Every structure is written in C-alpha cells, then in structure tokens.
Amino acid sequence: MASLIRKFYTLTLIRSGNKVLLGFKKRGFGQGKWNAFGGKVEKGESLEEAAIREVHEESGIEIVGGVEKVGELEFTFEGESNLMDVHVFAAKSFKGEPVETEEMRPQWFPIEDLPYSQMWPDDYLWYPIILKGGKFRGAFHFQGHDIILSQKLEEVNEF
Ligand SMILES: Cc1cc(-c2ccco2)c2oc(N)nc2c1
C-alpha cells in the first residue's frame, strides 16, 4: 500500500445550552458544507492552540476556558495520498458574538435539528456521541467528499 502523508487538523464544537454553533464554508475545502470550526495545525503550535486560533479566525468567537479533547478522526480518500488526522475539541467556555468572515457564515442550530444533510456524511455518526458527553475515535475512507466507502467508529472512555 502506497505511503500516506499525515497532516494534522482541529475541529472545535461550540455549544450554548441546546444550540451548537456551525459555520457554512463559503470557499475552499469543504465548500458548501456546515461544519465545526477548524483547520490545519501550524508548525510550533499545540493542537489546543490551533483549535483556539481557528475558532477565532473563522468565527470571531474567543475561547476563554480552554478546550476539551472529545474525538480523534482519520480521513483518507480513494486514490489520494493524504491522511487527515483530525483532533476534535469542545469549547469549555467562550465569549463574543460570531461574525461572518470570507471563509465562514456562522449560525446557531438547535441540537435536535442539526443540518446533517448539508454536513460531512460522517458527522451524524459522531455528533450524538459528543452531545451526550462521550468521546470517540473513528476512521472514514471517502470516495470524493460525499461518499464513505468504509468506516470504523468506537466510543472511548478517555484520551
Ligand atoms: C473528509 C473530511 C474532512 C473534514 C475536515 C475539514 C477540515 C477539518 O476536517 C471533516 O470535518 C467533518 N466534520 N467531517 C469531515 C470529513
């Protein structure tokens, strides 16, 4: 099997009561999908620092109470050599109002009514785990950006 190039990303869930803040990706990778806030981890920054930076860059929200690791995902793509190593966090507390940026249009969604049909196809499998306070590890092998060819997903007790 050809070797894969592993790159690190973060995704951070921001929850307030029964609502979750998602961003509609207006351009670039994942365009047209609602997603949590996140992106590439830069050289010299920790996963947590990257998560907090991406939330601020993409939504204007300031995470004040730190983030908690809630999941680890690996994404691979048929015919491609990249492996996306995605560390999923939940914000402990935050301040500020979300603002639209060139990349993202933020919107609050009720937990019972997330727009899964307009999100990545893996999301409906692991969002419920986070929302009930659980943790998970998963791997999804994609054909393009909308079809999952194979998957593994397990709940874990701790990271
Ligand atoms: C293949 C894939 C990629 C991402 C992604 C983009 C940026 C960081 O992660 C996903 O995010 C979600 N929720 N599912 C995803 C599937």
Side-chain angles (χ1 to χ4, degrees), residues 2 4-15 19-43 45-61 63 67-91 98 100-156 159:
L4 294 173
I5 301 162
R6 179 181 293 262
K7 291 182 182 163
F8 296 90
Y9 298 79
T10 65
L11 280 176
T12 300
L13 244 71
I14 296 171
R15 179 178 182 172
K19 289 196 173 19
V20 170
L21 186 66
L22 298 176
F24 184 80
K25 192 76 179 344
K26 294 157 67 174
R27 62 184 67 169
F29 186 83
Q31 177 173 353
K33 288 181 170 48
W34 291 95
N35 204 353
F37 300 96
K40 289 190 176 70
V41 178
E42 290 167 2
K43 287 187 180 51
E45 68 180 353
S46 71
L47 292 169
E48 291 80 1
E49 287 163 343
I52 292 165
R53 174 182 53 76
E54 285 288 351
V55 164
H56 187 248
E57 282 178 5
E58 291 189 341
S59 75
I61 290 277
I63 290 179
V67 291
E68 175 196 13
K69 174 68 102 43
V70 295
E72 290 181 354
L73 294 166
E74 288 189 346
F75 297 125
T76 50
F77 304 86
E78 189 64 21
E80 295 180 30
S81 58
N82 287 328
L83 184 151
M84 297 179 73
D85 187 331
V86 182
H87 293 255
V88 186
F89 294 96
E100 180 163 359
T101 64
E102 286 179 6
E103 293 271 315
M104 284 288 211
R105 175 162 48 85
Q107 184 173 320
W108 289 101
F109 290 90
I111 283 169
E112 317 73 35
D113 197 14
L114 295 180
Y116 286 122
S117 65
Q118 298 175 78
M119 294 164 73
W120 286 91
D122 51 301
D123 291 19
Y124 82 98
L125 295 164
W126 51 265
Y127 266 72
I129 300 173
I130 300 179
L131 296 174
K132 72 181 182 181
K135 294 179 170 60
F136 63 94
R137 188 171 282 124
F140 296 85
H141 186 61
F142 277 79
Q143 172 95 53
H145 289 190
D146 297 310
I147 297 169
I148 294 172
L149 296 175
S150 61
Q151 66 183 52
K152 286 185 294 185
L153 181 62
E154 59 178 352
E155 291 195 47
V156 298
F159 279 108

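Because the structure is a prediction, the values reported are computed rather than measured. Indexing begins at 1, ligand by ligand and atom by atom, following the structure's order.
Regarding atom 6 (C) of ligand 1, its nearest protein heavy-atom neighbour is F29 CE2, 3.5 Å. Scanning the protein heavy atoms around atom 4 (C) of ligand 1, the nearest turns out to be F75 CE1, 3.8 Å. With hydrogens left out, the protein atom closest to atom 5 (C) of ligand 1 is M84 CE, 3.8 Å, a heavy atom. Protein heavy atom in closest approach to atom 11 (O) of ligand 1: N35 ND2, 3.1 Å. Among all protein heavy atoms, the one lying closest to atom 8 (C) of ligand 1 is L11 CD2, 3.9 Å.
Backbone and side-chain nitrogen or oxygen atoms of D123 are examined, and one is located within less than 3.5 angstrom of a nitrogen or oxygen of ligand 1.
In F77, the part holding a heavy atom less than 4.0 Å from any atom of ligand 1 is the side chain. Here W34 has no heavy atoms under 4.0 Å from ligand 1, in either its backbone or its side chain. At a heavy-atom distance under 4.0 Å, no atom of L73 approaches ligand 1.
Distances from ligand 1 to the non-hydrogen atoms of W126 include at least one value under 4.0 Å.
Listed for the E74 side chain is no donor-acceptor partner under 3.5 Å among the backbone atoms of L83.
Atom NZ of K7 sits in a sparse spot, with 12 or fewer heavy atoms from other residues, nucleotides or ligands closer than 6.0 Å.
Using a 4.5 Å heavy-atom cutoff, the side chains of Y9 and E54 are not in contact.
For F142 and W120, the gap between ring centers is short of 6.0 Å.
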